[in-house]
Q: 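Here you go, one structure.
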Amino acid sequence: MSAQIKRRKLPKLNARLSIGLTIVILLTVSSLILPFFTSVNPAAQGTYLKNLPPSPKHPLGTNALGQDIFWYLVFSVRNSLLLGVAVSIGITAISTFLGLSAGFIGGWYERIVVVFMDTFITIPVLPVLIVLGAIVRGNTSFVVVAAILIVFGWAWNARTVRSMALSLREREFINMARFSGAGALAIIAREIFPYVYAYMVVNFINTILFAINTEAALAVIGLSNVVVPTLGSIIFWALNYNAIMIGQPLWIIAPIVTTVLLFLGLFLTSTGYNELFAERRGVA
Amino acid sequence: MKLAQYIVQRVFAYFLVLFVGITITFFLPRLMPGDPINNYISQVQARAGQSLSAEAVQQLRDSLAELYGLQGNLFTQYINYLKRVVRLDFGPSFTYYPEPVSEILLESMPWTAGLLLTTTLLSWLIGNGIGLIAGYYNKRRAAAVLEFIGIVLYPIPYYILALVVILILAYWLGLFPLSPTFLPGPISWNKVVSILYNSFLPALTLVLAGFGWNVLSMKALAIATKEDSYVQFARLKGTTDRTRMVNYVFRNAMLPQITALVLSLGFIFNGALQTEIIFSYPGLGMTMRAAAGAGDYNLLYGSIVITILSVATAALVLDLIYPLFDPRIRLGR
């Protein structure tokens with residue numbers, strides 16, 4: 001795939017990074033800080049009158065469950081982001097370890113890892129999550145959802161890391177380090193890590209997207225823990241109570257707009273960072 | 001020679017992936033807390049009030065264990081499970097008792113397969129076509145506009161696209177029904193029209209979802225490929241832009257795009273399930289959602305095996321026709 005090496009410099013790329021980062025930082029910081037300014041549990045039902053229109057007190061109105069839509073949304077963004085980051089840390093650790101070790105050790109070990117990689121790439125996560133969700137029936141704790149996402153999400157990243165390891169294995173500077181007597185760990189830490197860390201950042205962000213997306217998809221169809229506010233559960237409740245028909249369109253439009261913004265922001269950050277790094281590396 | 005080796009490798013990998021995948025789906029639920037039989041019994045008890053005797057419950061437990069293939073130790077269960085998978089016999093469904101799971105799946109599969117095949121093909125062709133043009137003429141302003149559309153569409157999840165499509169086309173503009181109603185009865189012209197009409201929104205969602213990625217990656221590939229020396233040579237030979245774009249740039253740039261499609265089949269399948277559920281489209285996704293809601297584990301297991309089987313098979317088929325596009329494998333160089 002020659003295209004990957006010949007990544008071209010595009011002038012608007014740093015614009016991508018700055019727009020993306022702005023959106024992501026704004027959403028992250030506000031969703032982390034704002035919860036300190038309310039004493040009300042946004043998921044508690046019947047806190048306010050039902051279906052109030054937007055007002056200074058309730059910027060987005062209240063929903064059919066008597067919850068403030070704005071505050072529910074703030075907590076949703078926070079929970080979804082926390083889940084995404086937690087899953088991404090897990091996946092990055094596992095996939096980096098398996099990918100690098102498979103690429104550098106080779107032999108039977110590599111073959112076995114590759115079979116599992118291919119399998120987990122082939123198996124669609126959502127049906128598995130639906131089955132597991134049905135078995136634990138409503139007791140799906142948030143931690144279990146995160147664990148399953150890690151178990152079924154590592155393969156894609158591990159594949160990228162492995163192919164990187166394969167190409168690095170044959171490079172001159174690795175041989176050079178080896179001949180100068182550096183140990184395997186030292187080589188990985190000093191020679192390989194600086195080379196792969198940019199990809200790891202990009203993968204890390206993309207994995208956050210994957211995790212938030214999958215949990216939300218599961219929640220929208222009612223099979224995650226819909227009691228916890230997330231970007232998916234808010235839509236689940238809005239759909240269940242026919243937000244549009246009962247005249248509270250903001251209940252569903254606000255999370256849609258927020259999700260699109262967040263995903264766009266994360267995506268722009270990851271591609272923008274990728275291009276920035278490509279420029280710095282001089283491959284552009 | 002090389003081609004034969006390639007095919008044997010792929011087919012071997014296919015069976016290995018199937019085996020490992022089916023094994024994982026057997027063992028993973030057994031690591032989870034919760035017991036399907038207890039769930040089911042408590043459901044039955046709730047419905048029957050407190051009128052069930054302890055013996056009746058025990059009897060129920062035994063027959064359920066037999067029905068689920070939960071007799072004996074883990075190893076015999078596993079062997080029995082594998083046997084059932086090979087015969088594609090998943091026992092009866094609980095919600096539609098005594099209809100066998102395989103028949104229910106046979107009814108819903110054509111819906112999903114039809115929707116997925118059409119939309120995947122369409123979004124691959126349209127997305128790559130547009131990406132190719134945008135990449136080949138990347139200096140034009142229109143290329144930037146196309147790329148912008150790709151960037152905005154690509155990261156949006158399926159369920160959001162589905163909701164936006166419903167809100168705009170069905171709710172505000174009223175062009176399509178909010179949820180599909182398919183005519184019953186034998187195939188007729190009217191029925192075909194109603195199927196196409198009612199499937200349009202889910203199909204549109206899936207095409208849009210796949211579109212962004214194809215545009216973006218094809219554009220990057222086309223930009224890189226058109227600078228290659230053989231394309232420059234073709235230009236100096238005096239070939240037309242169209243010939244170079246299609247026969248020179250696309251011929252090469254499509255190979256990684258086919259590979260990418262193979263790798264993302266699982267992801268596309270996820271999206272199709274979400275979309276079906278949101279649109280109440282009568283495919284595998286709806287079947288799984290209903291089965292999950294009713295605790296119909298035979299049906300769930302059947303669906304997940306069918307899912308793995310179809311995604312792996314689709315990947316195998318694409319892998320096997322890949323040599324048609326890549327002469328390096330076909331001619332063994």
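Below, read A as the first sequence line, B as the second, and so on, with proteins coming before strands; counting in each chain starts at 1.
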Q: Find the one option among A:Ile221, A:Ile130, A:Leu129 whose heavy-atom pairs under 4.5 Å with chain B are most numerous.
A: A:Ile221
Q: I'd like to know whether OH of A:Tyr109 has more than 12 heavy-atom contacts from other residues, nucleotides or ligands below 6.0 angstrom.
A: yes
Q: So which bits of residues 247-255 of chain A come within less than 4.5 Å of chain B, counting non-hydrogen atoms only?
A: A:Ile252, A:Ile253
Q: Return yes when atom CZ of A:Arg159 has more than 12 non-hydrogen atoms of other residues, nucleotides or ligands closer than 6.0 Å, and no otherwise.
A: no
Q: With rounding to the nearest 0.5 Å, note down the distance linking OG1 in A:Thr214 to CZ in B:Phe267.
A: 7.5 Å
Q: What closest approach, in Å, do B:Thr25 and A:Val128 show between heavy atoms, and which atom pair accounts for it?
A: CG2-CG2, 4.5 Å
Q: Do B:Leu16 and A:Asp118 come within less than 4.5 Å of each other through their side chains, counting heavy atoms only?
A: no
Q: Against chain B, label A:Leu266 side chain, backbone, both or neither, depending on which of its atoms sit under 4.5 Å from a heavy atom there.
A: neither
Q: Taking all heavy atoms of B:Gly266 and all of A:Pro124, pick out the closest pair and write down the distance.
A: O-CB, 3.6 Å
Q: What option among B:Ala314, B:Ala315, B:Ala13, B:Pro155 has the most heavy-atom pairs under 4.5 Å with chain A?
A: B:Pro155
Q: For residues A:Ala216 and B:Tyr159, report the shortest heavy-atom separation together with the two atoms involved.
A: CB-OH, 3.0 Å
Q: Rounded to the nearest 0.5 Å, what separation is found between the CG atom of A:Leu209 and the OH atom of B:Tyr154?
A: 8.0 Å
Q: Under a 4.5 Å heavy-atom cutoff, which of B:Ala222, B:Pro157, B:Ser217 has the most pairs with chain A?
A: B:Pro157
Q: Has B:Phe15 got more than 12 heavy atoms of other residues, nucleotides or ligands less than 6.0 Å from its CZ?
A: no
Q: A:Phe236 versus chain B, heavy atoms under 4.5 Å apart: side chain, backbone, both or neither?
A: neither
Q: Does any heavy atom of chain A fall under 4.5 Å from the side chain of B:Leu216, the backbone, both, or neither of them?
A: side chain
Q: Please answer whether the main-chain N or O of A:Leu126 pairs with a side-chain N or O of B:Asn270 as donor and acceptor at a distance below 3.5 Å.
A: yes
Q: Going by heavy atoms in the side chains, are B:Leu265 and A:Ile121 under 4.5 Å from each other?
A: no
Q: Considering only heavy atoms, which portion of B:Ala312 lies under 4.5 Å from any heavy atom of chain A: side chain, backbone, both, or neither?
A: both
Q: Of the non-hydrogen atoms in B:Leu263 and A:Trp156, which two are nearest, and what is the gap between them?
A: O-CZ3, 3.1 Å
Q: Test side-chain contact (heavy atoms from CB on, under 4.5 Å) on B:Gln274 and A:Leu218 and set out the steps.
A: CA-CA 8 Å; B:Gln274 289 171 35; A:Leu218 203 64; over 6 Å; no
Q: How far apart are the closest heavy atoms of A:Thr119 and B:Gly21, and which atoms are they?
A: CG2-N, 3.4 Å
Q: Sort A:Ile235 into side chain, backbone, both or neither according to what part of it lies under 4.5 angstrom from a heavy atom of chain B.
A: side chain
Q: How would you list, by chain and number, every residue that makes a ring pair (Phe, Tyr, Trp, His ring centres under 6.0 Å) with A:Phe210, sequence neighbours excluded?
A: none
Q: Roughly how far, to the nearest 0.5 Å, is the CD1 atom of B:Ile151 from the CZ atom of A:Phe267?
A: 6.0 Å
Q: Side chain from CB out, backbone as N, CA, C, O: work out which of these in B:Ile268 comes under 4.5 Å of a heavy atom of chain A, or both, or neither.
A: neither
Q: Can you spot which of B:Val20, B:Ile308, B:Val17, B:Ile22 makes a side chain to side chain contact (heavy atoms under 4.5 Å, CB included) with A:Ile123?
A: B:Ile308
Q: Is chain B contacted by the side chain of A:Val125, its backbone, both, or neither, given a heavy-atom distance below 4.5 Å?
A: both
Q: With only heavy atoms counted, which part of B:Leu167 is less than 4.5 Å from chain A, the side chain, the backbone, both or neither?
A: side chain
Q: Roughly how far, to the nearest 0.5 Å, is CZ of A:Phe116 from CD1 of B:Ile24?
A: 5.5 Å
